[in-house]
Amino acid sequence: MRDAATRGTSRAGRPPGGAVPAEGAGLSWPGRGGRSAPPPLCPPRPSLPDPVTPGRKRRPGHGCPPQAKYLAQIILVGAQVVGRAFMRALRQEFAASRAAADARSRSERPQSAAASRIIGISLQEAQQILNVSNLNPEEIQKNYDHLFKVNDKSVGGSFYLQSKVVRAKERLDEELRIQAKDEKEKEWKAET
């Protein structure tokens with residue numbers, strides 16, 4: 001064992017006498033080639049003779065306690081479990097969303113489903129926004145005018161709600177147009 005005074009530092013990396021050197025005071029850690037970096041948390045172990053095969057030495061390893069290894073394994077396994085659970089929940093959510101979209105499209109006619117996708121609002125939602133139960137053009141216009149005026153920004157209303165009212169009116173107008181077109185096609189087929 002070397003004398004701490006000849007090396008300039010004690011075993012703990014402090015100068016003899018226990019004083020803590022100032023940052024960049026020219027001290028270097030032993031075995032670091034002059035670089036001033038702290039020693040590893042787990043110093044390397046020396047090569048030991050292999051108890052199974054005499055004459056052969058075990059590879060040198062680190063002197064980390066086994067608890068650190070077990071802690072790392074626990075953290076890794078925990079992260080894997082949480083990751084798998086998250087992915088499973090995400091897949092279930094996508095499946096539920098897809099099933100709900102399929103059910104919505106099956107309940108509506110193809111043209112109506114296309115209009116819902118284009119405008120971005122379903123027929124049921126548009127009816128709820130404008131508070132109409134059936135597609136009566138006069139009732140739709142009356143409720144639209146009232147809700148549009150109430151939600152006007154100049155009277156303290158919400159632009160977001162006003163735009164929802166406009167989109168609902170567009171969706172119901174599109175549904176009325178689709179129904180009128182279907183009735184004309186039925187009449188035309190009945191005549192021929």
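Contact between A168 and A126 at its shortest, heavy atoms only, is O-CB, 3.6 Å. Considering every non-hydrogen atom in both L176 and P137, the closest pair reads CD1-CG, 4.1 Å. Taking every heavy atom of both residues into account, N143 and L130 meet most closely at ND2-O, 2.8 Å.
In this structure, CD1 in I129 is found 11.0 Å from CZ in R167, a value given to the nearest 0.5 Å. Here Q67 contributes atom CD and I74 contributes atom CD1; the two are 10.5 Å apart, rounded to the nearest 0.5 Å. For the atom pair CD of Q127 and CG of N134, the computed distance is 8.0 Å after rounding to the nearest 0.5 Å. Considering CG of D145 and CD1 of I140, their distance stands at 12.0 Å, rounded to 0.5 Å.
For R177, the side chain to side chain contact (heavy atoms under 4.5 Å, CB included) partners two or more places apart in sequence, or in a different chain, are E174, K181. In this view, E138 and N136 satisfy the side chain to side chain contact (heavy atoms under 4.5 Å, CB included) rule, not counting sequence neighbours. For the side chain to side chain donor-acceptor pair (under 3.5 Å) test, no residue two or more places apart in sequence or in another chain qualifies with N131. Residues forming a side chain to side chain donor-acceptor pair (under 3.5 Å) with D173 (at least two apart in sequence, or on another chain): K169. Not counting sequence neighbours, E139 has no partner by the salt bridge (charged side-chain N to carboxylate O under 4.0 Å, His left out) test.
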Atom pairs and distances, donor-acceptor, side-chain atoms in residues 158-166, under 3.5 Å, two or more places apart:
residue	atom	partner	partner atom	Å
S158	OG	Y160	N	3.3
S158	OG	L161	N	3.3
Q162	NE2	F148	O	3.2
S163	OG	F159	O	3.4
S163	OG	Y160	O	2.6

Less than 3.5 Å apart, which donor and acceptor atoms pair up between the side chains of residues 79-95 and the rest of the protein, not counting sequence neighbours?
none

Query - Test side-chain contact (heavy atoms from CB on, under 4.5 Å) applied to Q73 and L76, step by step - result: CA-CA 5 Å; Q73 287 176 343; L76 183 64; 5.6 Å; no
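Residue L71 is found in a hydrophobic cluster whose other members, listed by chain and number, are I75; membership requires side-chain heavy atoms under 4.5 Å apart, directly or through intermediates.
Of the charged side-chain nitrogens involved, at least one lies within less than 4.0 Å of a carboxylate oxygen, so that R171 and E175 count as a salt-bridged pair.
Pairs of residues two or more places apart, or lying in two chains, that qualify as side chain to side chain donor-acceptor pair (under 3.5 Å) and include a residue from residues 146-156 are D152-S154.
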